[in-house]
J.: 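Below you'll find the structure I mean.
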Amino acid sequence: MKLADAEFDKNRFLRSLESIVYLFLALPLAAFGWVFLEKEKAGELRSVFFENPDVMFHSVMGIGVGYILMRTVATWKKDVLRALERVEEIDSKLKMVQKPIIYRNLMWALGAGIGAYGLYEKGDMVYAIVFTLFLLLITSNRPSSKYFVKLFKLREEEKDWMMKKTT
């Protein structure tokens with residue numbers, strides 16, 4: 001196993017990265033909660049998407065959600081792994097993937113914001129589904145030891161190092 005920096009503290013790195021990821025989620029989560037409660041109190045939540053559609057609004061929101069999903073789900077992993085092909089040191093890989101992970105989660109937080117805004121404007125529950133989709137993406141792809149073992153396809157000694165907890 002190769003490390004560029006023998007003093008690299010992966011647990012501190014992972015905690016820091018995870019804190020940033022969840023910080024991005026805080027604003028859309030608060031906005032969604034507030035909007036949902038206000039719409040529910042006013043009786044303005046609608047569960048029928050095509051009842052009185054605003055095609056232009058829903059199209060723009062759909063394009064935004066589609067773009068975010070294409071940039072972060074369809075091509076992200078392939079692009080990141082291609083950029084890391086020649087890097088052998090695990091700590092260097094982790095440092096190099098930090099900014100792309102932050103960018104991806106910022107985009108997902110923007111997608112969650114689209115869900116909150118759509119619910120605010122139209123009261124359509126389909127935007128609750130959009131918000132939930134991005135919430136699931138953020139939480140299921142949080143930066144953790146297991147996530148990086150799977151992402152980098154680590155084996156044996158590298159996997160043991162990544163999974164080992166240090167204090």
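Here the structure is a predicted model, which means the values were calculated and not measured.
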J.: Hydrophobic clustering (ILVMFWY, side-chain heavy atoms < 4.5 Å, transitive) - are Val73 and Leu133 grouped together?
T.: yes
J.: Any idea which heavy atoms bring Phe152 and Leu94 closest together, and the distance?
T.: CE1-CD2, 3.8 Å
J.: Kindly work out whether a path of hydrophobic side-chain contacts (I/L/V/M/F/W/Y, heavy atoms less than 4.5 Å apart) joins Leu81 to Val87.
T.: yes
J.: What is the minimum heavy-atom distance between Leu3 and Asp91, and which atoms define it?
T.: CA-OD1, 3.5 Å
J.: With a cut-off of 6.0 Å (strictly less than), are more than 12 heavy atoms of other residues, nucleotides or ligands near CE of Met163?
T.: yes
J.: Please enumerate all residues that pass salt bridge (Lys or Arg N to Asp or Glu O under 4.0 Å) together with Lys93, with sequence neighbours excluded.
T.: none
J.: Say you draw a straight line from CD of Glu157 to CD1 of Ile90; how long is it, rounded to the nearest 0.5 Å?
T.: 8.0 Å
J.: Any chance you could measure Tyr22, atom OH, to Arg142, atom CZ, to the nearest 0.5 Å?
T.: 5.5 Å
J.: When you group the ILVMFWY residues by side-chain heavy-atom contacts below 4.5 Å and let the links chain together, are Leu27 and Ile20 in the same group?
T.: no
J.: Report yes if some heavy atom in the side chain of Lys146 is under 4.5 Å from a heavy atom in the side chain of Val149; otherwise report no.
T.: no
J.: State, yes or no, whether a side-chain contact exists between Phe148 and Val97 at a heavy-atom distance under 4.5 Å.
T.: yes
J.: First locate atom CD of Glu158, then atom CZ of Arg155, and finally report the distance between them rounded to the nearest 0.5 Å.
T.: 10.0 Å
J.: Counting C-beta onward and ignoring hydrogens, is there a side-chain heavy-atom pair between Phe134 and Leu69 closer than 4.5 Å?
T.: yes
J.: Can you name the nearest heavy-atom pair linking Trp76 to Leu151, along with the distance?
T.: CZ3-CD1, 4.4 Å
J.: Going by the salt bridge (charged side-chain N to carboxylate O under 4.0 Å, His left out) test, which pairs reach into residues 53-78, not counting sequence neighbours?
T.: Asp54-Lys122
J.: Could you measure the distance from the CZ atom of Phe13 to the CD atom of Glu18? Nearest 0.5 Å is fine.
T.: 12.0 Å
J.: Which heavy atom of Lys10 sits nearest a heavy atom of Met162, and at what distance?
T.: CE-O, 3.0 Å
J.: Rounded to the nearest 0.5 Å, how far does CG of Asn11 lie from CG of Leu14?
T.: 6.0 Å
J.: Give a yes or no answer on whether the side chain of Ser16 reaches the backbone of Arg12 with a donor-acceptor pair at less than 3.5 Å.
T.: no
J.: Do Val126 and Leu136 land in one hydrophobic cluster if side-chain heavy atoms of ILVMFWY residues count as linked below 4.5 Å?
T.: no
J.: A side-chain contact here means heavy atoms from C-beta on lying under 4.5 Å apart; do Met61 and Val130 qualify?
T.: no
J.: Show me the side-chain donor-acceptor pairs of residues 99-120 shorter than 3.5 Å, one per line, residues at least two apart or across chains.
T.:
| residue | atom | partner | partner atom | Å |
| --- | --- | --- | --- | --- |
| Arg104 | NH1 | Tyr147 | OH | 2.8 |
| Arg104 | NH2 | Asn141 | O | 3.3 |
| Arg104 | NH2 | Tyr147 | OH | 3.3 |
| Asn105 | ND2 | Ile101 | O | 2.9 |
| Trp108 | NE1 | Thr72 | OG1 | 2.7 |
| Tyr117 | OH | Glu121 | OE2 | 3.3 |

J.: Could you give the distance from CD1 (Ile68) to CD1 (Ile63), rounded to the nearest 0.5 Å?
T.: 12.0 Å
J.: Can you hop from Val21 to Met96 via hydrophobic side chains spaced under 4.5 Å?
T.: yes
